[in-house]
4 protein chains.
Amino acid sequence: MCKTDKRDDILSAAMELMAEQGFHGAPMAMIADKAGVGAGTIYRYFENRDVLIRDVYHMIYDEFVSFLLNRYPTDRPVRECFFHIGKGIIDYLIRNPLKFRYTEQFHNSPYGLEFRKLKLSNDTGEFDFGRDLYYKGLKHQVIKEIPLPIFFDLAFAPIFWAVRDHHTGFVVIDDALAEVIVSSCWDSIRI
Amino acid sequence: MCKTDKRDDILSAAMELMAEQGFHGAPMAMIADKAGVGAGTIYRYFENRDVLIRDVYHMIYDEFVSFLLNRYPTDRPVRECFFHIGKGIIDYLIRNPLKFRYTEQFHNSPYGLEFRKLKLSNDTGEFDFGRDLYYKGLKHQVIKEIPLPIFFDLAFAPIFWAVRDHHTGFVVIDDALAEVIVSSCWDSIRI
Amino acid sequence: MCKTDKRDDILSAAMELMAEQGFHGAPMAMIADKAGVGAGTIYRYFENRDVLIRDVYHMIYDEFVSFLLNRYPTDRPVRECFFHIGKGIIDYLIRNPLKFRYTEQFHNSPYGLEFRKLKLSNDTGEFDFGRDLYYKGLKHQVIKEIPLPIFFDLAFAPIFWAVRDHHTGFVVIDDALAEVIVSSCWDSIRI
Amino acid sequence: MCKTDKRDDILSAAMELMAEQGFHGAPMAMIADKAGVGAGTIYRYFENRDVLIRDVYHMIYDEFVSFLLNRYPTDRPVRECFFHIGKGIIDYLIRNPLKFRYTEQFHNSPYGLEFRKLKLSNDTGEFDFGRDLYYKGLKHQVIKEIPLPIFFDLAFAPIFWAVRDHHTGFVVIDDALAEVIVSSCWDSIRI
DNA sequence: AATGAATGAGCATTCATTCAT
DNA sequence: CATGAATGAATGCTCATTCAT
């Protein structure tokens, strides 16, 4: 009934359609239809298509991060923190295939590049588990001395690719395999 | 001036424009212009836009694989083979930013999904360095017992992400760092 | 705070926005905003956009005519009456650029055509300084024997064009120049 | 058959529709229809709608000026030159009602303002009958000492308004009346 | 074979108007 | 009475594809 309802309907419809059909395959009219609103209504909540696309991403991103930080074992050893995050990523993305597809597309588009640059330049001071793991790991001399972005790539790239393989049907990631994957990533960054 | 010349001109023009501007930013007319041919001519060599996009990918893919297999040390230990491939990937993709951008876009699009599914079902029997490393590694008990796709993800995902970071300007990958990256990937798959 | 207040607010807002941005550049929502009322409220006072546009014109027109007839020297010679009107037009339109712009736009649009046709057919019998000057002038044989509309064109067209040039910045009309212009118009109609 | 044909068809269709319905009442699709071409075709000849509108004006303007300068009696007295122009304007605009309506709309729009400013600043050195009359008239001391724009307004504004009245049906301008009108305009500018 | 002008379906966006509150 | 969120028809423009030359 409230404003937020309709906005959320639009965000969800956009996310699902764009995840399934790609950014190109989801015209505004189709999104409006799926959201059960008039085409013009979208523009009450989002200035234009680009803003909508970015806002869908931020919705997913916020939910994702908040899921990962839930019960984050800040005070435990880095290794344990890393396993929490790694397995959390797999867990979340396997249970949310559309959100996974959406973010993959987003990252690999002009929007994604812009987002990364923004993140790099604007250090907002918010808690960032990537940096947290990196700096703690360095301090306690449990991870290799490599640049932060490379740390990130080694630690998480295989996880995302593995989830993609899961959704494509190449493998089935169960708990055991998830453990192996995260553990292997750990092997690549630990000293 | 033979048929093949024109075909190659079109492939190159399409690759460059799409890498620079994205798939959306490269209309057929612009590609034709850059290739120095008429718009209609493209359709003599490629059934439609989708076919062109896929053929550009195959062109890049074939050249890439052939580069990697050049001087591939088949008879040497798996570790050495892996380093040859890993460092080859970094070397090639850093020297060919447009081809890298093109493939990244391709992989992250409906085309990429389709391509992967095709590869899964059609086992063409051609030599495949991924499978070669995997099966040899298993046979000699130097790599972990994990499914082939996961092996692939652990071995190569960080490398592609690192190259992306290089092109984005987040890090500079020199020979030393390349060595570290490939070595870390090896750490994640070796027993 | 009575009904009329709001109606006037809407008329003023519409006049200003349309004068500044053109008819096209002033959507109903913007007018409502500027008038400090809800978008729907406009439709309580004006059946639709066309009616609003016409009513704004009538508001300006009435005020304009009433200004011109203030101290109109009915009993003095035609020449004096003409100078009163001519200089009044210049005076009023130079001090009210927005109203000038609005009427110019109005006259030069389907609305203007319709308005003129209406005026032609509906002779309302109200006092009309144009007719007054014309018939008195004819009676006293001080103006040429020409059709009324042509009299009107000769007498006033240059004045309106000159005011436009003033607002565009092509000339600056001061009192002396105003005198020259009106005097020249008189030259064109007098015997 | 040649390129120009289609371009001209589009110009004519646009001119007629916009003259009859106003700029707003002539969508690109309607223009394309009337011109007997596809909607997209318009954009091969005109970058966008604004350019089309301006180009239609220039087409009319060039033809109009060329008509007026045909048999222009350069070597004869200013008065004779003025009568040639004045009567030419009436003649041309009465025989071309759509072109008249189009130019009236154009002049009274942002396009028209832009055009006037351009003309004022860019003195292209081309022959301009307005300036010719003005400077010759001043030199021979047959016209009043007034600014050029005011000269223009006095000389031509009534003519355009009269033509408008003719097309609206307020008066019928025959040769005799045309003579009277031009003669009266002359009265307003001559010494 | 090669061309490139022509096509028209498709899309993002705007805005006059309505109507539930 | 007043509101302003919602609507959806309308429009300018793009671009993959065709086809006459």
Side-chain angles (χ1 to χ4, degrees), chain A residues 1-3 5-7 10 24-33 35-53, chain B residues 1-3 6 10 24-33 35-53, chain C residues 1-3 6 10 24-33 35-53, chain D residues 1-3 5-7 10 24-33 35-53:
Chain A
M1 301 293 168
C2 64
K3 208 173 188 172
D5 269 351
K6 223 153 231 178
R7 199 187 126 93
I10 295 166
H24 302 87
M28 297 303 264
M30 198 185 287
I31 294 170
D33 251 31
V37 303
T41 304
I42 297 181
Y43 293 86
R44 291 203 74 74
Y45 297 97
F46 308 93
E47 199 184 330
N48 56 43
R49 178 168 238 265
D50 284 359
V51 169
L52 172 60
I53 288 175
Chain B
M1 291 300 165
C2 64
K3 209 174 192 172
K6 231 158 223 178
I10 295 167
H24 299 89
M28 297 301 266
M30 197 184 288
I31 294 169
D33 248 34
V37 303
T41 306
I42 297 181
Y43 291 85
R44 293 229 151 260
Y45 299 97
F46 308 93
E47 197 186 330
N48 57 41
R49 179 168 237 264
D50 284 358
V51 169
L52 172 61
I53 288 175
Chain C
M1 291 302 164
C2 64
K3 209 172 190 173
K6 230 157 224 179
I10 295 166
H24 299 88
M28 298 301 265
M30 198 184 287
I31 294 169
D33 247 33
V37 304
T41 307
I42 297 180
Y43 292 85
R44 292 228 152 261
Y45 298 97
F46 308 93
E47 196 185 330
N48 56 41
R49 178 168 237 262
D50 285 357
V51 169
L52 171 61
I53 288 175
Chain D
M1 299 298 167
C2 64
K3 209 170 188 174
D5 268 351
K6 223 152 233 180
R7 200 187 125 93
I10 295 166
H24 302 87
M28 297 303 265
M30 198 183 286
I31 294 170
D33 250 32
V37 303
T41 304
I42 297 179
Y43 293 86
R44 292 202 74 74
Y45 297 97
F46 307 94
E47 198 185 330
N48 55 44
R49 179 168 236 264
D50 284 358
V51 169
L52 172 61
I53 288 175

Can you work out whether Gly36(D) or Gly38(B) has the more 5'-proximal nearest nucleotide on DNA chain E?
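Residue closer to the 5' terminus by nearest nucleotide: Gly38(B).
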Interatomic distance, [X] [atom1] vs [N] [atom2] [rounded to whole Å]:
{"X": "Ile31(A)", "N": "dG8(F)", "atom1": "CD1", "atom2": "P", "result": "17 Å"}
{"X": "Ile42(D)", "N": "dG12(F)", "atom1": "CD1", "atom2": "P", "result": "9 Å"}
{"X": "Asp33(B)", "N": "dA5(E)", "atom1": "CG", "atom2": "P", "result": "10 Å"}
{"X": "Arg44(D)", "N": "dG4(E)", "atom1": "CZ", "atom2": "P", "result": "10 Å"}
{"X": "Asp5(D)", "N": "dA6(E)", "atom1": "CG", "atom2": "C1'", "result": "15 Å"}
{"X": "Met30(A)", "N": "dC11(E)", "atom1": "CE", "atom2": "P", "result": "7 Å"}
{"X": "Phe46(D)", "N": "dG12(F)", "atom1": "CZ", "atom2": "P", "result": "15 Å"}

Please report the closest heavy-atom contact between Ala39(A) and Ala32(A), naming both atoms and the distance.
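Taking Ala39(A) first and Ala32(A) second, the nearest heavy atoms are CA-CB, 3.6 Å.
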Let me confirm one number: the [atom1]-[atom2] distance from [X] to [Y], rounded to the nearest 0.5 Å.
{"X": "Leu52(D)", "Y": "Glu47(D)", "atom1": "CG", "atom2": "CD", "value": "12.0 Å"}
{"X": "Arg44(A)", "Y": "Lys6(A)", "atom1": "CZ", "atom2": "NZ", "value": "10.5 Å"}
{"X": "Met28(C)", "Y": "Ile42(C)", "atom1": "CE", "atom2": "CD1", "value": "4.5 Å"}

Sequence neighbours excluded, which residues qualify as side-chain hydrogen bond (donor to acceptor under 3.5 Å, both in side chains) partners of Asp50(B)?
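Testing Asp50(B) for side-chain hydrogen bond (donor to acceptor under 3.5 Å, both in side chains), a comparison that skips the adjacent residues, returns Tyr111(B).
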My understanding is that only residues two or more places apart in sequence, or in another chain, count here; which of them pass side-chain hydrogen bond (donor to acceptor under 3.5 Å, both in side chains) with Asn48(A)?
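If we apply the side-chain hydrogen bond (donor to acceptor under 3.5 Å, both in side chains) test to Asn48(A), skipping adjacent residues, there are no hits.
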Quick one, give me the B/S/- string for nucleotides 16-21 of chain E, reading 5' to 3', where B means a protein heavy atom under 4.0 Å from the base and S means that only happens at the primed atoms, P, OP1 or OP2.
SBB---
What's the closest nucleotide to the side chain of Lys6(D) if the choices are dA2(F), dA6(E), dA2(E)?
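Within the option list, the nearest is dA6(E).
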Nearest-neighbour nucleotide for the Tyr45(D) side chain, dG4(F), dA6(E), dT7(E) considered
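Per side-chain heavy atoms of Tyr45(D), the pick is dA6(E).
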Dot-bracket notation for DNA chain E, counting Watson-Crick and G-U pairs under 3.5 Å, with | for partners on another strand:
.||||||||||||||||||||
Taking side chain to side chain contact (heavy atoms under 4.5 Å, CB included) as the definition, give me every residue that meets it alongside Ala35(C), ordered by chain and number, with sequence neighbours left out.
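If we apply the side chain to side chain contact (heavy atoms under 4.5 Å, CB included) test to Ala35(C), skipping adjacent residues, the hits are Asp9(C), Ile10(C), Ala13(C), Val37(C).
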